[in-house]
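Here's the structure we're looking at; comments come further down.
Convention: sequence-line order gives letters A, B, ...; per-chain numbering from 1. Computed from a prediction, not measured in an experiment: that's the story for all the values here.
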There are 2 protein chains.
Amino acid sequence: MTKTKKPTLAATFKLLSDPTRLAIFDLLMQGVQCNCEIGDQLDLEMNLISHHLKALREAGLVNVERDALDARWMYYSINREMLAELNDQLAAFLDPHRIQPRLPTCGPRLVPATDIRVRGN
Amino acid sequence: MTKTKKPTLAATFKLLSDPTRLAIFDLLMQGVQCNCEIGDQLDLEMNLISHHLKALREAGLVNVERDALDARWMYYSINREMLAELNDQLAAFLDPHRIQPRLPTCGPRLVPATDIRVRGN
DNA sequence: CATATAGTTCAACGATGGTTGAAGTATATC
DNA sequence: GATATACTTCAACCATCGTTGAACTATATG
């Protein structure tokens, strides 16, 4: 069992930023699971799907297991825990309540021209 | 007032997938606003910041306004409405409750080998 | 009108990464 | 053991895009 490091927020966004990979992810959300099923629905080659699934798997978002009856078939599924964690993280990051008012540290309002004139002359 | 098309989910993920652009976005969440302030805090050139701000602006996530006293200064801010909309959209998309159980459309369980043998011979 | 400042746009470079076809692996069947 | 199947890995190509430096724009000041 390899322990994977927690990816950065930017890395997670990048993971989901590719349309093909996002489509695969969305299909898994709908319960579709084996490689060939995804290929049929998205009309993509298996090696390409495998490539994207690997990325999703390495990020911990997706799990794999082999069929008990025929181990050639592999079933992919969303990792519920990781998804919930990601969902919370994004919701916190994008929460509109986090938006603060302006904190002026530069600009004309900090040093009005009138003040300078009075002091300097 | 230019009407901007609603970007795809993948496009939005891509927008936030660059570490520099994400850092700029996060600073704006904290209320920092003019280009030079961002440059000071992230130690980046103004043209680079301008480039990323343009991308955020074109996606509708960020607003600009010129200073009333000195129009050379431009203040950037998060578009609250768009952020709230995005937040809702992502929360819906990544909702763990959306995950469905397996919907088997292929695999060995659909056509057991025993059935074929009986019928074929 | 000349100079300075805040910021944008442009052109070019270079790295990242998605896509493709072919070879390779693992498991099952005959 | 040979062949078929489900899938993975590899190498190479190519487009996208973040970065950089320089030129350009807009506004303000003297």
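In this structure, A/E45 places its CD atom where only 12 or fewer heavy-atom neighbours from other residues, nucleotides or ligands lie under 6.0 Å away.
Between B/P96 and A/N87, some side-chain heavy-atom pair lies under the 4.5 Å cut-off. Put simply, the side chain of A/F13 does not reach to within 4.5 Å of the side chain of A/T8, judged on heavy atoms. For the pair B/F93 and B/L9, the minimum side-chain heavy-atom distance is below 4.5 Å. Here the side chains of B/Y76 and B/R57 are in contact, with some heavy-atom distance below 4.5 Å. Put simply, the side chain of A/L61 does not reach to within 4.5 Å of the side chain of A/N79, judged on heavy atoms.
A/M82 CE to B/L94 CG: the interatomic distance, rounded to the nearest 0.5 Å, is 12.0 Å.
When each of B/N47, B/D40, B/L42 is checked for a side chain to side chain contact (heavy atoms under 4.5 Å, CB included) with B/L44, only B/L42 meets the rule.
Legend: salt bridge (charged side-chain N to carboxylate O under 4.0 Å, His left out) pairs involving residues 76-91 of chain B, not counting sequence neighbours, sorted by first then second residue: B/K6-B/E85.
Atom CG in A/D18 sits about 11 Å away from atom P in D/dC17, given to the nearest Å. In this structure, CH2 of A/W73 is placed 13 Å from C1' of D/dA4, rounded to the nearest angstrom. One atom, CE of B/M74, and another, P of C/dT5, lie 19 Å apart when rounded to the nearest Å. Following rounding to the nearest Å, A/E58 (CD) and C/dG17 (P) show an atom-to-atom distance of 12 Å.
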With a 3.5 Å cut-off and sequence neighbours excluded, list the donor-acceptor pairs that the side chains of residues 23-38 of chain A form with protein atoms.
residue: A/D26; atom: OD1; partner: B/R98; partner atom: NH2; Å: 2.5
residue: A/D26; atom: OD2; partner: A/Q30; partner atom: NE2; Å: 3.4
residue: A/E37; atom: OE1; partner: A/C34; partner atom: N; Å: 3.0
residue: A/E37; atom: OE1; partner: B/R102; partner atom: NH1; Å: 3.2
residue: A/E37; atom: OE2; partner: B/T105; partner atom: N; Å: 2.9
residue: A/E37; atom: OE2; partner: B/T105; partner atom: OG1; Å: 2.5
residue: A/E37; atom: OE2; partner: B/C106; partner atom: N; Å: 3.4

Using a 3.5 Å cut-off and no angle test, enumerate the donor-acceptor pairs between side-chain atoms of residues 48-56 of chain A and protein atoms at least two apart in sequence or in another chain.
residue: A/H52; atom: ND1; partner: A/R21; partner atom: NH1; Å: 3.4

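With C/dG18, C/dT8, D/dG18 as the candidates, the nucleotide lying closest to the side chain of A/R21 is C/dG18.
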Please enumerate all protein N or O atoms sitting under 3.5 Å from an N or O of nucleotides 25-27 of chain D, with distances to 0.1 Å.
none

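For DNA chain D, none of the residues of residues 8-15 of chain A falls under the heavy-atom distance limit of 4.0 Å. Only A/C34, A/N35, A/C36, A/M46, A/N47, A/S50, A/K54, listed by number, bring a heavy atom of residues 31-56 of chain A to less than 4.0 angstrom from any atom of DNA chain D.
Judged by closest nucleotide on DNA chain C, B/V64 is the one of B/V64 and A/D67 placed further toward the 5' end.
Distances shown here put a side-chain N or O of B/T20 below 4.0 Å from the OP1 or OP2 atom of D/dT19.
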